[in-house]
Every structure is written in C-alpha cells, then in structure tokens.
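Here the structure comes first, spelled out in structure tokens, and everything after it is commentary.
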Amino acid sequence: MSTQKVQIRAGVRPRKAISAPADVQTFLRSDTAQSYLNWLQEVNDQIKGKKITDPDISASDAINRILAVLTKLSDWIDEIPPLEQPMRFGNKAFRIWMEKVEGNADALMLEILPENLKDASSELASYFQNSFGNKTRIDYGTGHETFFAIWLHCLEKIGVLQASDRVAVALRVFNAYLKLMRKIQRTYMLEPAGSHGVWSLDDHQFLPFFWGSGQLLSNAQIAPKSVRSREIVDFYAQDYLYLDAIKFVLSVKTGPFGEHSPTLNSIAELPHWEKVNGGLMKMYVAEVLGKFPVVQHQLFGPIFPFPGQNFDEPPAGDHSHGHGDHHALHTTHASSTSSSS
C-alpha cells in the first residue's frame, strides 16, 4: 500500500489541463490516472461473484446519502417533462434539467459531505454536474460517465467513502446512476457524444461492461456468448450490470445484434469472462482515457490533480483579484495500491 496526500481547497473549481495530445500521455503516466485506474480495478475485483440483488450488500450512511441525491435528480426529471419540438433527438428540456442540477450542485454535495470535508464541495460539484451530459450539445458519452466514476473515486480519496463501500459503490450507486442516465436518455433523447458513440461500447456507456464482466468472472452459468440470447439477458439483467446494459441496448435498438452493436457482438466471441474483463480494462485506457477528443474535457483539481497544476494562480483568462490566492487548504491521506493496472 502507498499513501497519497490529498489536498482539499475550499472554493477551488477544477480546470481543464489537456489541450494537446501530448497532455493525454502526461495524464496517463501520472499518479492521478494510475490511482484512478487502480481504484477501478479494485472495485472490479471486489464485485466478482456478487449480484446486484444480493441482500447482504451493506450500504453505509455515505452510500445512502449519495443514493438520496440521485433519487432527487430522478424526481427532477418527472418535474421537467420533454418539450414539444419537431426534432426527435436532443430535447431542449434537458437544458432546463441540467441548469437545475448545476444550480444545486454545491448544495447537493453538502448533503453528502460530513462537516469536516465541506471544503471539498466546489471541486466535487464540478465533477458531479459534468456526469450527466452536455447541455449545449444535448449529448452524453463515456467522458461524462468518467466524470461520475472520478467523482466516486474522489469521495473515497478524501475519506467519505471507504474501501468497504466498494461493492455498494458499483452495485448500488453506479447501478442507480445507470438507471438515472437511461431515464434521462429515454426522456430527453440525448445524442451520443463523439462520432455516433464511437468512444463507447454501446452509444453511451463503457463501465457497466467492465465492472459487469468483473461480476461474471468464473461464472459457470453465463458465458460471453450468452448475451445473444434474449431469454438469458432478460432473466439475469436484474442481477448483473453487463446483462442489464445489454437489455437496455436491445430495448432502444432494432435489427440484428451484430449490426447495431458490432463491438459487443465481437466481445461475445471471447471464450471466458477473464478475457473480456482484462481486454475491457485495456480498451478503457486506450479508447476512453487515452483519446484526446474524450479527455480534453476532463477537469482537474486539488483532489484529482493534473501534474504541475498550480491552484494558487487564477485560471487562464480570470483576472479577478484574489481568486485562487487565499483558499483554505487542508490535507488528508488516502491509501491506494501501488501496482499499476
């Protein structure tokens, strides 16, 4: 185990730091990226053999506070119905919903954070509000999904979540987030981010397939090729993230599986879940974190820093006096494994 010192700066908003392809490699080599990837892998390892429906998955107070916030966001969708408009995709009511999320993001963080960690609210709110799509383009993709995973990772880095919460993080919180995003996609018809979802396994997501295949490691009943059976998918979707994600794909797309989901169909050819799971982690690094069009939008702050960032200097283009100069600072320690993924 290695111990990382984590800075929390009151009032600091994270900033973009990747402006050229060379910056992507700097990020991938950083302790920040390795810590995040290690965390993804550790969550993956802990959910092996676990089902979403397992009754013995313990939910801490922090997990329940996060779930309550996600429920609130879901309720806001009910309060903001889609607008009548000529275009089927990109319903502009999504902008109204997003503005409500953005306007309340700091307050929502304060509902989750304990008193001694309230100073983290500004940075965490920025990651959180970028987790649900782009209100200008009315689209959503793996970059937004990554914001949510990084937000969860940061909550563990500062001690809101514990290593003992990881099963619930994947099978309770991330599952609730996926259900929220599917409700958003069905209600507001978000476009896939990027070139028709090229950076994701379906049009929008990646991590339910990585963590979902982690659940299925050594599963003797379900093979990768089982996703081609609608009966198996429907029967097991409530238990496994991977099959639930496939079920959603089948509910929104028509035609042969191999035509509308060629990458997922190719994965179904692999002999066992170990091959799928290992391959998906490599693919996530190469096709999501390693792709400039995706990570150029990533924000970095004191809890999730880009190498060499200086938060004592105001952001580029910010000429306000004192901004960034007198932020309250305190540090905490987070443990993470030192092995790379």
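All heavy atoms count here, side chains included; hydrogens, waters and symmetry mates do not. Positions are given from 1, in the same order as the sequence printed here.
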Is there side-chain contact between Gln298 and Phe147, with at least one heavy-atom pair below 4.5 Å?
-> yes
Might you point out which heavy atoms bring Asn134 and Thr136 nearest each other, and give the distance in Å?
-> OD1-N, 2.9 Å
Residue pair Arg186 / Ser251, side-chain donor-acceptor N/O under 3.5 Å = yes
Is there side-chain contact between Glu231 and Tyr236, with heavy atoms separated by less than 4.5 Å?
-> no
Of all the heavy-atom pairs spanning Thr32 and Pro305, show the shortest one and how long it is.
-> OG1-O, 2.6 Å
So, for Phe300 and Ala17, which heavy atoms are closest and what is the spacing to 0.1 Å?
-> CD1-CB, 3.8 Å
Side-chain donor/acceptor of Gln129 to backbone N/O of Val101, under 3.5 Å = no
How about Ser218 and Trp273: do any of their side-chain heavy atoms sit closer than 4.5 Å?
-> no
Is there a donor-acceptor contact under 3.5 Å from the side chain of Asp54 to the main chain of Asp56?
-> no
So, do Ile57 and Arg172 sit near enough that their side-chain heavy atoms are less than 4.5 Å apart?
-> yes
Gln85 (side chain) donor-acceptor with Met87 (main chain) under 3.5 angstrom = yes
When you measure from the side chain of Asp23 to the backbone N and O of Ser19, does any donor-acceptor pair fall under 3.5 Å?
-> yes
Heavy-atom distance under 4.5 Å between the side chains of Val169 and Phe174, does that happen here?
-> no
Start with the C-alpha gap between Leu155 and Ile66, add the side-chain angles, then the distance that decides, and say whether side-chain contact (heavy atoms from CB on, under 4.5 Å) holds.
-> CA-CA 10 Å; Leu155 286 174; Ile66 295 168; 3.8 Å; yes
Taking all atoms of both residues into account, what is the closest heavy-atom pair of Ile303 and Ala120, and its distance?
-> CD1-CB, 3.9 Å
Using a 4.5 Å cut-off on heavy atoms from C-beta on, say whether the side chain of Arg182 contacts that of His204.
-> no
Side chain to side chain donor-acceptor pair (under 3.5 Å) between Glu274 and Ser213: does it pass, once the steps are laid out?
-> CA-CA 8 Å; Glu274 285 77 10; Ser213 61; over 6 Å; no
Thinking salt bridges, do Lys118 and Asp106 make one under a 4.0 Å N-O criterion?
-> no
Side-chain donor or acceptor of Asn104 paired with backbone N/O of Lys100 under 3.5 Å = yes
With a 4.5 Å heavy-atom cut-off, do Phe304 and Tyr36 have their side chains touching?
-> yes
Using 4.0 Å as the upper bound for N to carboxylate O, is an ion pair formed by Lys183 and Asp78?
-> yes
Closest approach of Ile232 and Leu243, non-hydrogen atoms and distance?
-> O-CD1, 4.5 Å
With salt bridge (Lys or Arg N to Asp or Glu O under 4.0 Å) as the test, would you mind laying out the steps for Arg15 and Glu123 before giving the verdict?
-> CA-CA 9 Å; Arg15 310 164 190 173; Glu123 180 175 351; over 6 Å; no
Considering residues, nucleotides and ligands other than Lys253, do more than 12 of their heavy atoms fall under 6.0 Å from its NZ?
-> yes
Lys/Arg cation over aromatic Phe311: Arg9, 6.0 Å, 45° cone = no
Might you work through the side chain to side chain donor-acceptor pair (under 3.5 Å) test for Gln205 and Tyr140, ending with a clear yes or no?
-> CA-CA 9 Å; Gln205 314 286 166; Tyr140 171 85; 3.1 Å; yes
State whether a side-chain donor-acceptor pair under 3.5 Å links Gln34 with Asn38.
-> no
Phe235 CZ: over 12 foreign heavy atoms closer than 6.0 Å = no
Salt-bridged, Asp234 to Arg230, with N to O below 4.0 Å?
-> yes
Answer yes or no: is there an ion pair linking Arg166 with Glu42, defined by an N-O contact shorter than 4.0 Å?
-> yes
Is there a donor-acceptor contact under 3.5 Å from the side chain of Tyr177 to the main chain of Ser131?
-> yes
State, with a plain yes or no, whether a side-chain heavy atom of Phe257 is found less than 4.5 Å away from one of Leu250.
-> yes
Does CD belonging to Glu79 count more than 12 external heavy atoms closer than 6.0 Å?
-> yes
Which of parallel (below 30°), tilted (30 to 60°) and perpendicular (above 60°) describes Trp211 and Trp39?
-> perpendicular
Could you tell me how the ring of Trp97 sits relative to the ring of Phe94: parallel (under 30°), tilted (30 to 60°) or perpendicular (over 60°)?
-> parallel
Is the closest side-chain donor-acceptor distance between Tyr284 and Thr146 under 3.5 Å?
-> yes
So which heavy atom on Asp244 is nearest to which on Ala237, and how close?
-> CB-O, 3.3 Å
